[in-house]
Amino acid sequence: MSRPFALDPMFTSLKTLGGVGPKLLGLYEKLCGPAVIDILFHMPSNLIDRRYSPLVKDLERERIATIKLTVNEHVPGSSRHRPWRVRCSDETGGIDLVFFHPRKDWLLSQLPVGQERVVSGRIEFYHGRPQMAHPDRMGPVEEYDEIAAVEAVYPLTAGLTHKRMLNTIEAALQRLPHLPEWIDGTLNKQRGWPDWHASVTAAHSPADFDDIEGITPARQRLAYDELLANQLSLRLVRHHQTRSLGRALPPDPALKDKMLEALPFTLTSAQQKSIDDIDKDMASNDRMLRLVQGDVGSGKTVVGLFAMLNAVANGAQAAFMAPTEILARQHTESMGKLCDAVGFEYAVLTGRDKGKSRTEILERIKNGDAKIIIGTHALFQDDVIFKDLGLAIIDEQHRFGVHQRLAFSEKGARTDILVMTATPIPRSLTLAAYGDMEVSRLDEKPAGRKPIDTRVVSLDRLEDVIDGLKRKISEGERIYWVCPLVEDSEKLDLAAAEERHRVLGMHIGSRVGLVHGRMKAVEKDAVMEQFKNGDLDVLVATTVIEVGVDVPEATVMVIEHAERFGLSQLHQLRGRVGRGEKPSSCLLLFSPKSGETARLRLSTIRDTEDGFVIAEEDLRIRGAGEVLGTKQSGLPEFKLANLSVHRDLMQIAQDDAKLIINNDPQLKTARGEALRTLLYLFRKENAMKYLRSG
Ligand code: ADP
Ligand code: MG
């Protein structure tokens with residue numbers, strides 16, 4: 001199957017447009033991409049209003065003005081350093097157009113003496129006389145209407161001028177084809193959206209800031225196109241990877257009861273609900289692709305355990321992959337007991353297993369003796385062969401990335417996949433990042449959790465804070481101290497973790513440890529282990545503890561320069577405490593130099609412990625890219641959609657995509673054909689390979 005012919009002009013190189021040579025092409029490639037479509041999807045980021053058009057006598061300084069002038073005289077500069085002046089006037093007064101190092105022939109041809117011209121640019125005054133240096137636009141009077149308008153301003157890159165960009169955009173717009181409509185008719189009518197051609201054109205001729213912010217009908221439509229292409233491609237992949245490709249692994253009620261009895265607590269209703277979702281997925285013939293989302297401490301592990309129960313109950317194996325060695329060991333400890341209670345053989349495999357012991361573990365995995373396998377990345381390795389892998393669980397997804405998730409699923413052709421993450425992603429972003437998965441949310445904490453006493457304190461009061469900590473330590477409590485960066489190298493006045501470690505050691509004594517991102521995994525694990533065992537009272541850390549170990553004895557979380565963290569990140573860090581019997585507290589230390597808004601942000605954390613509320617707030621304040629942060633998040637980069645502006649559209653696109661795939665999984669109807677065009681337009685060839693030729 002190939003791209004519709006109508007799209008060819010969109011996917012030719014920008015160098016086929018007039019005026020784009022190799023150098024310019026290189027700049028465009030860097031900025032937005034090599035093809036015509038790429039520059040058409042490069043949206044204006046600002047505007048210049050050229051509609052101010054007074055008589056010369058009324059000109060105000062510093063304003064952008066568009067004026068009709070008669071060219072009177074060219075006055076070359078008296079030396080190399082003096083500008084060329086072109087004396088012009090209208091019926092009310094004179095004005096100079098000023099050029100430094102002009103190409104003379106060009107200038108004389110652009111501004112012939114005796115003729116009338118339109119010029120547009122910023123007005124300055126020089127010895128009381130108005131002048132305009134290097135007008136942005138010049139042309140014959142017939143172009144007045146075109147010039148005296150609102151002009152789009154685009155993000156540029158070094159070496160690329162505003163004017164060049166405008167010219168290229170204009171040339172690209174000449175190629176714009178009319179395409180069949182892929183948006184549902186009712187939606188289109190209800191929203192009053194223009195068609196694709198009109199929308200792209202309108203997006204590049206913004207009239208006011210609504211266009212720049214993306215809230216005009218044209219910009220909404222384009223955003224919707226992009227979101228729909230995103231959701232549709234995720235759905236296509238999901239549909240064709242899961243449909244009838246799994247196996248039925250229905251739950252065994254007796255075994256579940258046995259496990260419930262072995263648990264030292266009762267499940268929360270959110271856990272119960274997630275387990276029900278999973279049971280349903282696993283009992284069906286479709287392959288499970290489910291994400292369990294829940295705050296740190298919301299109890300995801302036990303949900304995973306019940307999923308594994310289903311696999312083993314049906315004679316298959318289940319693997320549980322943790323992001324770090326120490327977490328894998330910790331899970332083995334807690335799950336091992338429960339496995340014993342129901343009589344399951346389990347094994348643990350990490351990078352630390354070498355030689356004979358590794359060979360033995362591999363053998364037990366291969367011959368099927370080990371039913372439950374807990375491990376790290378080591379489980380990915382080629383020589384790890386499962387007898388029959390029914391379920392793979394990936395804990396803390398954002399540490400792994402989407403492609404690894406797929407790699408794991410290849411360990412068993414029909415393996416159900418369960419991903420667990422503590423990143424509380426807002427609903428609208430979940431769809432963008434994980435739209436190919438079903439989502440269960442653990443939005444409820446296990447009973448008996450005590451609220452964490454959170455305070456916002458100025459770094460000015462550091463000494464009081466340290467005194468307070470000494471008291472806590474004398475009462476046997478353990479403390480996390482989080483610093484924003486590892487070294488001073490950033491030349492910011494960050495209290496670096498190493499310096500803080502030294503200072504705290506001075507005040508508190510030798511039982512202060514340090515863990516940071518530049519340490520080797522083994523070293524990190526060793527320090528964490530010391531903290532867990534109680535050999536350390538204070539653990540100074542960079543954010544590596546985000547995906548840390550369960551240390552119920554830790555009761556105090558200090559976060560230094562809290563104003564430098566995202567809200568969701570602060571919330572996750574805070575979640576490291578408040579897990580034990582004793583009441584816990586969190587101190588958000590802010591720099592006295594930070595502004596009012598920064599402090600206001602911190603009060604959100606103080607006032608709620610609901611990760612989803614915090615994530616929505618974070619999205620509102622910082623925008624989508626920041627919330628998920630790293631590329632690992634799997635969030636695609638949108639060019640036309642802005643999730644903090646268009647999030648309602650994401651939900652509609654999701655529902656629409658679901659409906660489309662249910663009704664027309666091969667995209668064979670007329671609308672399906674149009675949707676294929678949409679997918680090509682947004683380069684979703686990956687998803688297209690699941691479609692038979694139309
Ligand atoms: P997560 O992985 O979501 O951060 P864990 O699964 O590690 O959380 O659970 C955190 C702690 O809460 C563990 O000590 C676990 O035994 C405990 N826990 C889990 N579910 C419950 C529950 N329903 N009631 C009480 N404690 C629970
Ligand atoms: Mg966990």
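Note that the structure is predicted; figures quoted are calculated from it, not measured. Start at 1 and go down the list; that is how both ligands and their atoms are numbered. Because only heavy atoms are used, hydrogens play no part in the values below, and waters and symmetry mates are left out as well, while side chains stay in. Numbering of residues begins at 1 and proceeds along the displayed sequence.
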Worksheet item: Any N or O of Val302 that comes nearer than 3.5 Å to an N or O of ligand 1?
Response: no

Practice prompt. Tell me, please, which residues at least two apart from Asp277 pass side-chain hydrogen bond (donor to acceptor under 3.5 Å, both in side chains).
Written response: Lys273, Ser440

Item to complete: Compute the minimum heavy-atom distance from Gly297 to ligand 1 and say whether it is under 4.0 Å.
Response: yes

Discussion item. Aromatic contact between Phe320 and His331, with the criterion being ring centroids under 6.0 Å apart: yes or no?
Written reply: yes

Discussion item. Looking at ligand 1, is there an atom of it that comes within less than 4.0 Å of some heavy atom belonging to Asp295?
Written reply: yes

Item to complete: Using a cut-off of 6.0 Å, state whether more than 12 heavy atoms not belonging to Lys470 lie near its atom NZ.
Response: yes

Worksheet item: Looking at ligand 1, does Thr266 have a heavy atom less than 4.0 Å from it?
Response: yes

Fill in: Residue Lys582 excluded, over 12 heavy atoms near NZ under 6.0 Å
yes

Discussion item. Testing the 3.5 Å rule here: is there a donor-acceptor pair between the side chains of Thr350 and Arg329?
Written reply: yes

Worksheet item: For Ser298, is the nearest heavy atom under 4.0 Å from an atom of ligand 1?
Response: yes

Worksheet item: Crowded around Lys280 NZ? As in, over 12 foreign heavy atoms under 6.0 Å?
Response: no

Worksheet entry | Part of Met420 with heavy atoms under 4.0 Å of ligand 1, whether side chain, backbone, both or neither | neither

Worksheet item: Are Gln569 and His571 linked by a side-chain donor-acceptor pair shorter than 3.5 Å?
Response: no

Worksheet, complete the sentence: Thr268 heavy atoms within 4.0 Å reach ligand 1 at atoms 23 (N)

Worksheet item: Quick one: which of Ala322, Pro552, Gly299, Gly294 has a heavy atom closest to atom 9 (O) of ligand 1?
Response: Gly299

Worksheet item: Between Leu267 and ligand 1, which residue portion shows a heavy-atom distance shorter than 4.0 Å: side chain, backbone, both, or neither?
Response: backbone

Worksheet item: Near Thr301, which atoms of ligand 1 are under 4.0 Å from a heavy atom of that residue?
Response: 2 (O), 5 (P), 6 (O), 7 (O)

